[in-house]
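This structure is in structure tokens; I'll ask about it shortly.
By convention in this document, chain letters (A, B, ...) are assigned in the order of the sequence lines, proteins followed by strands, and residues within each chain are numbered from 1.
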Protein chains: 2
Amino acid sequence: MRKYVLLYGLLGGVLIAALKFIEYRFLVAEHSVEIYGGIVAAVFAGLGIWLGRKLTRPIQTVVVREVLVDAPATFVRDEGKLEALGMTPRELEILELIAAGLSNREIANRAHVSENTVKTHTSRVFDKLGVRRRTQAVQLGKELRLIP
Amino acid sequence: MRKYVLLYGLLGGVLIAALKFIEYRFLVAEHSVEIYGGIVAAVFAGLGIWLGRKLTRPIQTVVVREVLVDAPATFVRDEGKLEALGMTPRELEILELIAAGLSNREIANRAHVSENTVKTHTSRVFDKLGVRRRTQAVQLGKELRLIP
DNA sequence: GCCAAAATCACCCGTTTGGGGGATGGTCGG
DNA sequence: CCGACCATCCCCCAAACGGGTGATTTTGGC
């Protein structure tokens with residue numbers, strides 16, 4: 001900021017000096033004051049424009065362009081629906097294993113329970129989800145955000 | 001910043017008024033040209049500054065903001081994998097219906113073919129996917145982006 | 001027009017799944 | 001302590017599913 005002001009003054013001085021020491025005498029003859037004033041006016045108007053642009057920081061309009069970015073597929077279980085359906089932890093666990101494509105036998109092995117137990121759980125899950133097949137259960141479970 | 005410009009103009013006006021209305025004509029008599037030039041310079045500089053501000057078109061800064069958006073469910077089928085697996089259109093269709101939780105009978109009705117045909121298709125799908133159960137087929141199908 | 005791939009259908013047989021029922025033990029809150 | 005809830009297990013039976021094999025018809029490309 002300060003340097004612009006100094007520059008401004010300097011240029012003004014130079015201009016005045018130039019006017020004084022060069023063609024001053026010829027021009028001054030007839031319309032000296034008008035011409036002098038005109039030149040000064042023009043030069044300082046230009047300077048002012050320049051200064052005005054320099055001194056004022058540009059008016060900045062911030063245009064926010066929103067770019068849609070795929071969310072990192074963050075799975076959050078809908079505990080509310082779980083509650084509403086009365087789904088127990090064990091049942092949810094079995095539903096997940098069903099969704100993983102395991103058979104009742106495989107689920108039994110993995111969960112360290114008997115196949116009959118798994119069948120009981122799956123039956124309850126189907127009841128609570130209101131479905132009749134495991135593929136339906138998986139589909140609905142994902143829709144309801146019970147399982148990823 | 002704007003208030004400085006206004007102050008500037010105001011002071012200029014006050015100065016001119018002071019020069020005009022008080023008895024400084026004596027001084028003016030001697031250094032008339034310089035003072036006239038100075039006044040003109042000041043006024044036009046002010047004008048220039050004002051003009052400069054007006055002329056400066058607002059700069060638009062584009063701020064790109066990334067907004068996380070729930071996955072827009074943009075499903076694009078992996079045709080490459082379909083090709084690689086030798087999956088036929090009909091088989092893919094049946095896989096989709098399986099994923100929808102339909103039984104073979106329901107699929108048969110919807111696709112207007114016999115249940116046996118559906119079974120044949122599902123068998124082939126299972127072969128090509130290397131799975132043995134429909135839940136596995138659904139799971140793998142989604143993983144491989146064959147179905148939504 | 002022929003060939004290959006795809007789609008269609010059928011039958012048999014074994015496995016898996018799903019729908020009933022019933023039973024026992026554990027935990028927790030009123 | 002009792003009842004509600006959960007988890008566990010059992011049996012039976014029917015339906016659905018999956019594997020194997022074979023066959024016919026459609027369809028698309030050369």
Q) Could you run down nucleotides 17-30 of chain C 5' to 3' and tag each one B, S or - for protein heavy-atom contact under 4.0 Å? A) SBB-----------
Q.
Between B:R77 and B:L146 (side chain of the first, backbone of the second, donor and acceptor by atom type, cut-off under 3.5 Å), is there such a pair?
A. yes
(Q) Please enumerate all residues that pass side chain to side chain donor-acceptor pair (under 3.5 Å) together with A:E79, with sequence neighbours excluded. (A)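 Checked A:E79 against side chain to side chain donor-acceptor pair (under 3.5 Å); zero matches.
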Q) salt bridge (Lys or Arg N to Asp or Glu O under 4.0 Å) with B:D127: which residues, sequence neighbours excluded? A) none
Q. Could you state the interatomic distance from CG (A:L129) to OG1 (A:T122), rounded to the nearest 0.5 Å?
A. 11.5 Å
(Q) The criterion is side-chain contact (heavy atoms from CB on, under 4.5 Å); which residues satisfy it with B:T120, sequence neighbours excluded? (A) B:R124
Q.
To the nearest 0.5 Å, what is the distance between CG on A:L97 and OG1 on B:T135?
A. 11.0 Å
**Q.** Gap between atom CG of B:L85 and atom CG of B:L144 - 0.5 Å precision
**A.** 6.5 Å
Q: Go through residues 137-148 of chain A and report each residue with a non-hydrogen atom lying under 4.0 Å from DNA chain C, sorted by number.
A: none
**Q.** Test side chain to side chain donor-acceptor pair (under 3.5 Å) applied to B:S114 - qualifying residues, sequence neighbours left out
**A.**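 Testing B:S114 for side chain to side chain donor-acceptor pair (under 3.5 Å), a comparison that skips the adjacent residues, returns B:T117.
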Q.
Within this structure, what is the NE2-CD1 distance for the pair B:H121 and B:I98, rounded to the nearest 0.5 Å?
A. 10.5 Å
(Q) B:N109: which residues meet the side-chain contact (heavy atoms from CB on, under 4.5 Å) condition with it, sequence neighbours left out? (A) B:R105
Distance-only donor-acceptor hits, side chain of residues 136-143 of chain A, under 3.5 Å, sequence neighbours excluded:
residue : atom : partner : partner atom : Å
A:Q136  : OE1  : A:R132  : N            : 3.0
A:Q136  : OE1  : A:R133  : N            : 3.4
A:K142  : NZ   : A:P148  : O            : 3.4

Q | B/S/- contact track for nucleotides 24-30 of chain D, protein heavy atom under 4.0 Å | A | -------
Q) Hey, does the side chain of A:N116 come within less than 4.0 Å of D:dC10's phosphate (OP1/OP2), counting only N and O? A) yes
Q) What's the closest nucleotide to the B:S114 side chain, out of D:dA7, C:dA10, D:dC10? A)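 That would be C:dA10.
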Q: With rounding to the nearest 0.5 Å, note down the distance linking CG in A:D78 to CZ in A:R145.
A: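 Going from the CG atom of A:D78 to the CZ atom of A:R145 covers 8.0 Å.
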**Q.** Heavy-atom pair with the smallest gap, counting every atom of B:I147 and B:A99
**A.**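 Distance-wise, the nearest heavy atoms are CD1-CB, 3.7 Å.
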Q: Mind running a 4.0 Å heavy-atom check of residues 78-97 of chain A against DNA chain D and sending the residues that fall below it, in number order?
A: A:T88, A:P89, A:R90
Q. Taking five pairs at each end of the helix from C:dG1-D:dC30 to C:dG30-D:dC1, what angle separates the two helix axes (nearest 10°)?
A.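 It works out to 50° between the end axes.
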Q) Hey, does the side chain of B:T117 come within less than 4.0 Å of C:dC9's phosphate (OP1/OP2), counting only N and O? A)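 So the side-chain polar atoms of B:T117 do come within 4.0 Å of the phosphate oxygens OP1 or OP2 of C:dC9, strictly under.
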Q) Is there a side-chain polar atom (N or O) of A:H121 under 4.0 Å from OP1 or OP2 of D:dT8? A) yes
Q. Side chain to side chain donor-acceptor pair (under 3.5 Å) with A:T88: which residues, sequence neighbours excluded?
A. A:E91
Q | Pairwise distance CG(A:L102) to CZ(A:R110) - rounded to 0.5 angstrom | A | 5.0 Å
